[in-house]
Amino acid sequence: MTTTTVPTVGQHAGRRFDWGQPAVYFVALVCIAVTISPVIYLIIGGFRTTGQINEDAAAWPDPWVITNYVAVLTSENFWVQLVNSTIAAVFTTSGVILLGVLAAFVIARYQFKGRDALFTLFTAGLLFPLTVAVVPLFTMIKGLGLLGNLWGIIIPQVAFALPTTIIILVPFLRAIPAELEDAATIDGAGRLGFFWRIVVPLAGPGLVTVGVLAFVASWNAYLLPLLILGDPSHSTLPLGTQAFATQYSSDTAKVMAFTTISMIPALVFFTLAQGRIVSGLTGAVKG
Amino acid sequence: MSTSTITAGSAVSTAGPARPRPRKRRFDIRSFAMVWGFAAPALIVYVTFVIVPVGLAAVYSFFNWNGLGPLERFIGIDNYVRALSDPTFLKAIGNNLAIVLLSLLIQGPVAIGVALLLNRPLRGRTLIRTLIFVPYVLSEVVAALAFKLILQPSGPFDALLASVGLGGLKQLWLADQNVVFWTLFFVLSWKYLGFAILLMLAGLQGVPDELFEAAAIDGASWWQIQRHITIPLLGPTIRIWAFLSMIGSLQLFDMVWVLTGGGPVNATVTMATYMMQYGFQRGQLGFGSAVAVILFLISLVFALLYQRHVLRRDFEGAVGRGA
């Protein structure tokens with residue numbers, strides 16, 4: 001529906017602030033309604049009983065019940081899964097940022113034999129979905145004795161996040177003006193000094209961007225935890241949510257409550273990171 | 001190796017004349033150590049946990065192997081022949097290609113349009129953006145579970161349709177094999193439009209305001225400004241988005257697996273869910289690996305063509321700007 005609205009606004013373009021603004025708000029409202037109404041529905045659904053939902057799927061809670069949410073928040077599995085998801089995401093993010101910025105830095109700023117091959121190799125990683133590699137990965141992780149261990153998902157996640165990270169960081173690092181490097185050299189900074197004191201701070205927004213992407217990817221990962229972590233008491237949230245939905249498939253309200261609560265950490269985190277990611281994606285270094 | 005010439009790319013233009021030769025040579029060796037010292041950790045992790053498993057998958061694909069015991073029954077390309085002569089797998093390829101195409105033709109323009117509209121001073125712009133990005137941060141599993149509840153027969157979506165007088169449009173959204181593909185595409189769009197809009201908005205922030213002001217002073221209309229200034233400058237962002245979208249569409253798994261499991265009657269089967277269902281769940285890891293390799297090869301062809309014909313310009317542009 002938004003596609004048709006765009007040209008409509010365009011026709012009024014000459015007086016954009018008189019006519020455009022209300023139309024823009026309208027489009028924004030439509031978008032917001034479409035994107036968040038399913039989420040709102042789940043949140044509210046969690047305050048109903050399954051009986052109420054079966055009676056009328058779209059009604060308001062009557063009365064509001066908090067038992068579903070209380071049940072989820074007092075279940076041990078939920079908290080274990082929350083902690084597991086957090087640990088996996090934090091370590092994946094740190095690993096990706098550290099390894100990614102080092103590799104992207106030399107790819108972006110040095111001429112060396114094999115540079116293009118190296119970049120192409122990492123770029124090719126975009127084409128390897130986890131699904132292609134998952135069975136050999138499972139065998140390898142098992143061989144390393146990491147089944148049921150969070151490191152068994154963290155390390156492969158770092159590896160699979162590296163292509164995107166490097167592809168995003170290379171232009172960022174390349175855009176740091178050569179004059180800065182010359183100035184740093186004249187001031188007596190070595191290569192490493194230039195890297196740590198100039199490149200890393202200037203690439204900050206880019207690092208935040210790739211960090212957020214890696215964090216979200218890890219937080220939302222499904223296939224790898226499913227195979228590596230196994231049963232719900234050792235798993236991460238998406239896996240736990242799916243297991244819960246299967247286990248309580250007849251208790252719709254409870255599933256809604258669990259699904260809602262498992263959304264909250266990602267929503268909160270992303271709301272906080274949102275401003276940074278937008279500015280991060282734009283190309284960090286300006287002057 | 002000793003023949004490799006390493007120079008700090010950015011230093012070339014200024015370092016030149018005054019540097020004494022011996023110093024420059026030592027410079028090279030240290031650069032070499034630094035380059036590979038920096039690149040090695042990422043390279044090792046990446047090769048070990050991405051390239052090697054993918055390679056192993058390729059090896060498995062030539063065997064009749066159930067995952068237990070040694071790889072013994074070499075069967076050549078039989079697995080590939082079997083996959084490519086299975087109508088269900090061909091349907092899976094078709095579904096993936098359809099989603100690639102629909103995403104580019106529908107999600108792309110919508111995302112660009114919304115981003116153009118929102119890229120202006122608006123009251124509550126931050127809030128609007130945050131809310132639009134909400135679906136992107138939810139996991140595919142959670143999103144799929146949510147829509148499973150919402151789209152169930154006589155569920156809230158049907159109730160919503162009825163309440164606005166469109167009850168006649170009611171469908172078995174997830175159970176009717178003629179409808180479910182479109183349901184899947186809608187849910188995918190719901191999930192990923194936010195990311196596309198986010199990317200486009202980020203790209204738009206790179207377009208200097210002065211250009212708009214200049215064009216406005218020259219009497220250009222809002223639409224003319226977008227058409228002739230903004231959208232062309234947004235080109236690199238659009239091309240990157242299209243690339244990510246294509247590759248993502250070809251590799252689709254989590255959402256389909258949780259939402260429909262590829263059904264009903266294989267109506268939403270994708271290459272990845274086919275691999276899971278007909279390969280791994282039946283313990284036919286060799287066959288599953290062959291499917292994985294085909295999935296990879298199709299992605300590769302797409303990516304190479306795209307990179308050669310479309311992205312190349314951006315990369316060269318970036319090099320030019322950096323130097």
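Every chain is numbered from 1 and lettered A, B, ... according to where its sequence line falls, protein lines coming before strand lines.
If you take SG on A/Cys31 and CZ on B/Arg129, they are separated by 13.0 Å, rounding to the nearest 0.5 Å. Between the OG atom in A/Ser37 and the CG atom in B/Leu160 there is a gap of 7.5 Å [rounded to 0.5 Å]. For the atom pair A/Thr164 OG1 and B/Ile247 CD1, the distance stands at 11.5 Å (nearest 0.5 Å).
A/Asn220 has its side chain out of reach of B/Glu140: every pair of non-hydrogen atoms, C-beta onward, lies at least 4.5 Å apart. Here the side chains of B/Val45 and A/Leu99 are in contact, with some heavy-atom distance below 4.5 Å. A heavy-atom distance below 4.5 Å is not found between the side chains of A/Thr35 and B/Val134. Residues B/Met34 and A/Tyr110 meet the side-chain proximity criterion, which asks for heavy atoms closer than 4.5 Å. In this structure, the side chains of B/Tyr60 and A/Thr139 come closer than 4.5 Å at one or more pairs of heavy atoms. For the pair A/Trp219/B/Ser139, no side-chain contact is recorded, criterion being any heavy-atom separation below 4.5 Å from C-beta on. Between A/Thr241 and B/Leu145 there is a side-chain heavy-atom pair separated by less than 4.5 Å. Between B/Tyr46 and A/Leu121, some side-chain heavy-atom pair lies under the 4.5 Å cut-off.
In this structure, the portion of A/Val106 lying under 4.5 Å from any heavy atom of chain B is its side chain and not its backbone. Contacts of A/Leu144 with chain B are made by side-chain atoms alone, with heavy-atom separations under 4.5 Å and no backbone atom involved. Contact annotation for B/Leu131: both backbone and side-chain heavy atoms come within less than 4.5 Å of a heavy atom of chain A. Heavy atoms of A/Tyr41 lying under 4.5 Å from chain B belong exclusively to its side chain. Looking at B/Thr48, both its backbone and its side chain come within 4.5 Å of chain A, counting heavy atoms on both sides. Proximity to chain B involves both the backbone and the side chain of A/Leu137, based on heavy atoms less than 4.5 angstrom apart. Both the backbone and the side chain of B/Ile128 come within contact range of chain A, judged by heavy atoms closer than 4.5 Å. The contact between B/Met275 and chain A is made entirely by side chain atoms (from C-beta outward), counting heavy-atom distances below 4.5 Å. For chain A, the nearby parts of B/Leu138 are the backbone and the side chain; heavy atoms of each come within less than 4.5 Å. Only the side chain of B/Met276 comes within contact range of chain A, with at least one heavy atom under 4.5 Å from a heavy atom of that chain. Both the backbone and the side chain of A/Phe122 come within less than 4.5 Å of a heavy atom in chain B. Of the two parts of A/Ile141, only the side chain, counted from C-beta on, holds a non-hydrogen atom closer than 4.5 Å to a non-hydrogen atom of chain B. If you measure heavy-atom distances from B/Leu300 to chain A, the contacts under 4.5 Å come from both the backbone and the side chain. Within the 4.5 angstrom heavy-atom criterion, atoms from both the backbone and the side chain of B/Leu43 approach chain A. Contact annotation for B/Leu285: only side-chain heavy atoms (C-beta onward) come within less than 4.5 Å of a heavy atom of chain A. There is no contact between B/Phe302 and chain A, counting heavy-atom distances below 4.5 Å. Contacts of B/Phe157 with chain A are absent, with no heavy-atom separation under 4.5 Å from either backbone or side chain. When heavy atoms are compared at a cutoff of 4.5 Å, B/Pro41 approaches chain A by way of both its backbone and its side chain.
When ring centroids are compared, A/Phe112 and B/Trp36 come within the 6.0 Å threshold.
Using cut-offs of 30° and 60° for the angle between ring planes, the B/Phe38 and A/Phe105 rings count as tilted.
With respect to A/Gln242, the side-chain contact (heavy atoms from CB on, under 4.5 Å) criterion is satisfied by exactly one of B/Val258, B/Val142, B/Asp254: B/Val258.
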